[in-house]
Amino acid sequence: MGHLRQRRILVAIAGGIAAYKGAELVRLLKKQGAEVRVILSRGAREFITPLTMQALSGEPVHTELLDETAEAGMGHIALARWADLLVIAPATADVIARLAHGRADDLMTTVALATAAPVAVAPAMNQQMWANAATQENLTLLTQRNIQVIGPDEGEQACGDVGPGRLLEPSQILEALAGRFSSRQLDNKRVVITAGPTVEAIDPVRFLSNHSSGKMGFALARACAEAGADVTLISGPVHLSPPDRVKLVAVRSALEMHAEALAAAEGADLFIGAAAVADYRVASPATDKIKKDDRGELSLSLVENPDIIAAVSGLANRPALVVGFAAETSDLLAHARAKLAKKGLDMIIANDVSDPDTGFGSDHNAVHLIRAVSEQHLPLASKQVIAEQIVATLAKELAASSAAGAAQ
Ligand code: C5P
């Protein structure tokens, strides 16, 4: 059921005795790695409290359509856009009727109308209400509109009746929801990416750095997250917003990046070093701003920074794939092949930064994927397209390496 990992599931709980099972559904979804937000109707709040649902989901609970504070945070339209799937569980006869008629008289029904995500309902009601022709006609309308109806179960009811109308067990609802999502190339994989430049202090106001924009590393982080991976992006200072569903760790110096990368890479599946790490740092940065004097020159003493990717490759619990970049201005392939061996990498991605079409800051790139046994050229395309092609190749390699590991 790994398909639910990182999926954004909006759980709307309507008023009914089965509301407590909605709470259990939220717990199970979280256990599967889904991101969960909860809407509680006024009726539901008679049965369970927002505090319970906040504790289970780890997020503020949404209760009112017209609530100033909620609208200032994640309002109803933002919530509708956020969701990958909306499930109403339990869905009462009343909610089903209001959905069937396109009403938008509370937060739950408004979000159901406003979302482009798939919608599912898990009905729960008295067996006579379930059997009523009005309810059945409403359900037919929902089904015709591609709203998934999950359940109900049959059996003993809270009111003492026996028959159809019991909410399905949360584990069964969970299974039905997981079936809506296909598996992705990097589901259940943990990926660590370094990106951007590093900044090495000379004194409190000056630094040594380089022209890296971070665009390639950020594009890779987005492509990995879209492929289902759990992504940590360790970036030097850049002017980019982090992609959705990516954990950003902001650093400045190579030493900071080194510490964060080693901590995050331990036991990860894939490490991509897309950062332009400064080879040297100032041996002893001045604590006060360096003043101009009469000598007409200034010398800085530099010491070598640690090689982050080589250290990651040397970890005892090393990621299955360690991939580096080689940004070169001459003899591209020869330099890249030498770095592949020297740093103990599984693949190096070589790009020519002397070409303005593919260099630092450009939105485009053309690269060579170099492994010990094979080489592949990816012609000029946007960095996002290149990133997606790289991720597809790496996902296949990871699948092959875990299949080989399992066979041993
Ligand atoms: O700078 P260089 O060409 O050696 O970079 C090749 C690869 O090594 C890149 O993936 C870069 O992110 C990584 N690297 C690193 N730590 C360094 C220098 C480079 O991880 N100190």
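When a ligand or atom number is given, it counts from 1 through the structure's own listing order. The shown structure was predicted, so the numbers you read here are calculated from the model rather than taken from an experiment.
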Between the side chains of R45 and E64, is the shortest nitrogen-to-carboxylate-oxygen separation below 4.0 Å, so that they form an ion pair?
yes
At under 4.0 Å between heavy atoms, what of P306 touches ligand 1? The answer is backbone
Hey, is K339 touching ligand 1 through its side chain, its backbone, both or neither, going by heavy atoms under 4.0 Å?
side chain
What's the shortest distance from atom 18 (C) of ligand 1 to any protein heavy atom, and which residue and atom give it?
V277 CB, 3.7 Å
Distance under 4.0 Å to a non-hydrogen atom of G324: what atoms of ligand 1 satisfy this?
10 (O)
Are any of the N or O atoms of K343 closer than 3.5 Å to those of ligand 1?
yes
Is the closest heavy-atom distance from H335 to ligand 1 below 4.0 Å?
no
Does an N or O anywhere in V323 fall below 3.5 Å from an N or O of ligand 1?
no
Decide whether Q54 and T52 meet the rule of one side-chain donor and one side-chain acceptor closer than 3.5 Å.
no
Closest to atom 6 (C) of ligand 1 by heavy-atom distance, out of Y280, F325, F271, is F325
For R166 and Q157, test the side chains for any donor-to-acceptor distance below 3.5 angstrom and give the result as yes or no.
no
Compute whether any side-chain donor of one residue and acceptor of the other, for S354 and D352, lie under 3.5 angstrom apart.
yes
Heavy-atom nearest neighbour of atom 15 (C) of ligand 1 within options I308, N305, D279, I272
I308
Where the closest heavy atom to atom 10 (O) of ligand 1 is concerned, which of A254, G273, S212 has it?
G273
Does A326 reach ligand 1, in the sense of a heavy atom lying below 4.0 Å from it?
no
State plainly whether the residues R5 and D230 are in salt-bridge range, i.e. N to O under 4.0 Å.
yes
When you check the side-chain N and O atoms of T143 and T140, is any donor under 3.5 Å from an acceptor?
no
Protein contact of atom 11 (C) of ligand 1 - nearest heavy atom, named by residue and atom, plus distance:
A275 O, 3.4 Å
By the definition salt bridge (Lys or Arg N to Asp or Glu O under 4.0 Å), identify the one residue from K30, R8, R245 that meets it with E35.
R8
Min side-chain heavy-atom separation E388-V391 under 4.5 Å
no
With distance as the sole criterion, is a donor-acceptor pair present between the side chains of D106 and T109 under 3.5 Å?
yes
Is any N or O atom of I348, backbone or side chain, closer than 3.5 Å to an N or O atom of ligand 1?
no
In the protein, what heavy atom is nearest to atom 13 (C) of ligand 1, and what distance, to one decimal place, separates them?
I309 CG2, 3.8 Å
